[in-house]
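Reading through the structure tokens given below for one structure.
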Amino acid sequence: MSAIHPTITDVLISTFKVPAAEILPDSTMDSLEMDSLAVAEFAVIIKEKLGVDAGSDRLYKDATLADITRFIDETVGGVATASGEAAMSNPR
């Protein structure tokens, strides 16, 4: 499981009071009864915690938690790769 998953789980449980038993890889925001305002708030919290700009359009109601986790992992990995490449091309 992704290192991002515990952060997502913690946010869903602590902020949105989603029961832990309902947080499954195939759960969707809709199945977790997250309305559009909650999804937007979730995106803001994820940006604050992980530095990932995952706007509501990427966290649409039909996306599974596995999809969302994959998107965040890819974004975080892309940021790390881009930073590493920039550092390599601009040695100090």
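- Contact annotation: the side chain of I72 approaches that of I8 to within less than 4.5 Å [non-hydrogen atoms, C-beta and beyond].
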Checklist entry - What's the verdict on salt bridge (Lys or Arg N to Asp or Glu O under 4.0 Å) for D67 and R70, showing C-alpha distance, side-chain angles and the deciding distance? => result CA-CA 5 Å; D67 295 335; R70 189 175 316 105; 3.1 Å; yes
Next on the checklist: Between L24 and L65, is the side chain to side chain contact (heavy atoms under 4.5 Å, CB included) condition met? List the steps.
Outcome noted: CA-CA 7 Å; L24 305 170; L65 293 180; over 6 Å; no
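- Put simply, the side chain of F42 reaches to within 4.5 Å of the side chain of L12, judged on heavy atoms.
- The minimum heavy-atom distance linking I13 with A20 is given by the pair CD1-CB, 3.7 Å.
- Note that CD1 of I23 is 11.0 Å distant from CZ of F16, once rounded to the nearest 0.5 Å.
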Item to check | Working for side chain to side chain contact (heavy atoms under 4.5 Å, CB included), residues T28 and L32 | outcome: CA-CA 6 Å; T28 63; L32 297 175; over 6 Å; no
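- Annotation: the span from I46 atom CD1 to T75 atom OG1 amounts to 11.5 Å, rounded to 0.5 Å.
- In this structure the side chain of M29 reaches within 4.5 angstrom of the side chain of I68, judged on heavy atoms.
- The CG atom of L50 lies 5.0 Å from the OG1 atom of T7; values are rounded to the nearest 0.5 Å.
- Applying the side-chain contact (heavy atoms from CB on, under 4.5 Å) test between V11 and each of E48, E41, K49 identifies K49 as the sole match.
- Taking every heavy atom of both residues into account, F71 and D53 meet most closely at CZ-O, 4.4 Å.
- With hydrogens and angles ignored, the 3.5 Å screen pairs no side-chain donor or acceptor of S31 with any backbone N or O of S27.
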